Amino acid sequence: MSYGLLRGKKGIITGALDEKSIAWHVALRAYEEGAQILLTNAPVALRLGQPQALAEKLNAPLIPADLTQIPDIEKLYDEALRHFGGPVDFVLHSVGMSPNIRKGKSYPEIDYDFYQKTLDVSAISFHKMLQVGRRKGAFARGGSIVALSYIAAQRVFPKYGDMSDAKALLESIARMFGYFLGKELGVRVNIVSQSPTPTTAGTGIAGFEAMFDYANKMSPLGNASAAACADFVVALFSDLTRSVTMQTLYHDGGFSMMGIAEELLG
Ligand code: NAI
């Protein structure tokens, strides 16, 4: 059902890899709510072809950009400014990757070159998107920017490895930049901390299924789905949340407030 929450709004959505991706759901939902979308993903992801199908469905340009590379981000905003004829009302950062996790390196034994890559792709890319967008005048007054995090930024989930550090940095960047963009442009910057979700990135974590089942049992509402996450992100893009900024907002069925659930008491 559409409420027309994003009628007349224009935005950039990163990270829609396939139909399981959280960003894929957000793109569909934002479009349904009346937004015009520009999609972007890493050049290697675009070779797989699925983002192209989404772009066609949404009548959206699909711009290749490695979000660790400033020149790519500059081109992305140039394209967006040209395509929309002005600045964007919303941005979704939905990007994460850890070479340490991919190579099965435990947290105490991480490789430091990989660590730099994890932080660059999963957190510093957000700062770069905000810095370049600000410099180019690409954010409309009163706009809304959202990035996705996981509760391992705050609590220990051993197999989440160096992604925990990346998410802690991501949440700090949202807070810090939220201050500056709020003062300058009335732009909101928020983090949505999402339940475990069966996506390519999510299932790449060792023990994902056990983490998923545990969170599902612990959460009074059960795990939040990617589709529900999209609803929440769209609400944050809308004017209905115009005074919410610099927050880490838990979209997790109640998990973050739990100690232990009855189901786990045996
Ligand atoms: P996904 O695998 O569908 O999306 C990750 C995206 O990051 C992919 O589209 C990939 O191409 C893109 N990407 C990787 N490196 C990039 C680069 N250098 N430049 C541009 N794009 C790049 O997985 P998912 O789960 O939808 O991930 C989206 C976000 O949600 C990530 O930040 C993830 O950490 C976060 N998240 C995921 C949870 C889960 O359990 N799946 C839970 C909480 C947060």
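Read the numbers this way: they start at 1 and go in the same order the structure lists the ligands and their atoms. Since the model is a prediction, treat every value here as computed from it, not as a measurement.
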Task: Proximal candidate to atom 17 (C) of ligand 1 [heavy atom criterion; set Thr68, Thr200, Asp66, Asp72] - done: Asp66

- [ ] Would you please say whether a donor-acceptor pair under 3.5 Å links the side chains of Ser2 and Glu32?
- [x] no

Task: Under 3.5 Å: N/O of Asp18 near N/O of ligand 1 - done: no

Task: Identity and distance of the protein heavy atom lying nearest atom 19 (N) of ligand 1 - done: Leu67 N, 3.0 Å

- [ ] Do me a favour and list the nearest non-hydrogen protein atom to atom 29 (C) of ligand 1 with residue, atom name and distance?
- [x] Ser94 OG, 3.5 Å

Open item on the list: For ligand 1 and Tyr150, I'd like to know whether there is a polar contact (N/O to N/O, distance under 3.5 Å).
Closed with: no

TODO: Closest by any non-hydrogen atom to atom 20 (C) of ligand 1: pick that one out of Ala65, Gly202, Ala215, Ser125.
DONE: Ala65

- [ ] Check each heavy atom of Ser195 against ligand 1 and say whether those closer than 4.0 Å belong to the side chain, the backbone, both or neither.
- [x] backbone

- [ ] Among all protein heavy atoms, pick the one closest to atom 40 (O) of ligand 1 and tell me residue, atom and distance.
- [x] Thr197 N, 2.7 Å

TODO: For atom 12 (C) of ligand 1, grab the closest protein heavy atom and report residue, atom and distance to one decimal in Å.
DONE: Asn41 OD1, 3.6 Å

- [ ] Return a yes/no value for Ile22: is any of its N or O atoms, backbone included, closer than 3.5 angstrom to an N or O of ligand 1?
- [x] yes

Open item on the list: Testing the basics here: between Lys105 and Phe114, what is the closest heavy-atom pair and its distance to 0.1 Å?
Closed with: CE-CE1, 4.3 Å

Open item on the list: Do Ser98 and Asp162 pair up side chain to side chain, a donor and an acceptor below 3.5 Å, judged on atom types alone?
Closed with: yes

Open item on the list: Would you say Ser195 and His251 are linked by a side-chain donor-acceptor pair, where the criterion is simply a distance under 3.5 Å?
Closed with: no

Task: Modelled atom types, side-chain donor and acceptor of Tyr107 and Asn100, under 3.5 Å - done: no

Task: Part of Ser149 within contact of ligand 1 (heavy atoms, under 4.0 Å) - done: backbone

Task: Min N/O separation Met97 to ligand 1 under 3.5 Å - done: no

TODO: Could you tell me whether Lys167 approaches ligand 1 through its side chain, its backbone, both or neither, with non-hydrogen atoms closer than 4.0 Å?
DONE: side chain

- [ ] Have a look at ligand 1 and work out which part of Ala45, if any, has a heavy atom under 4.0 Å from it: side chain, backbone, both or neither.
- [x] side chain

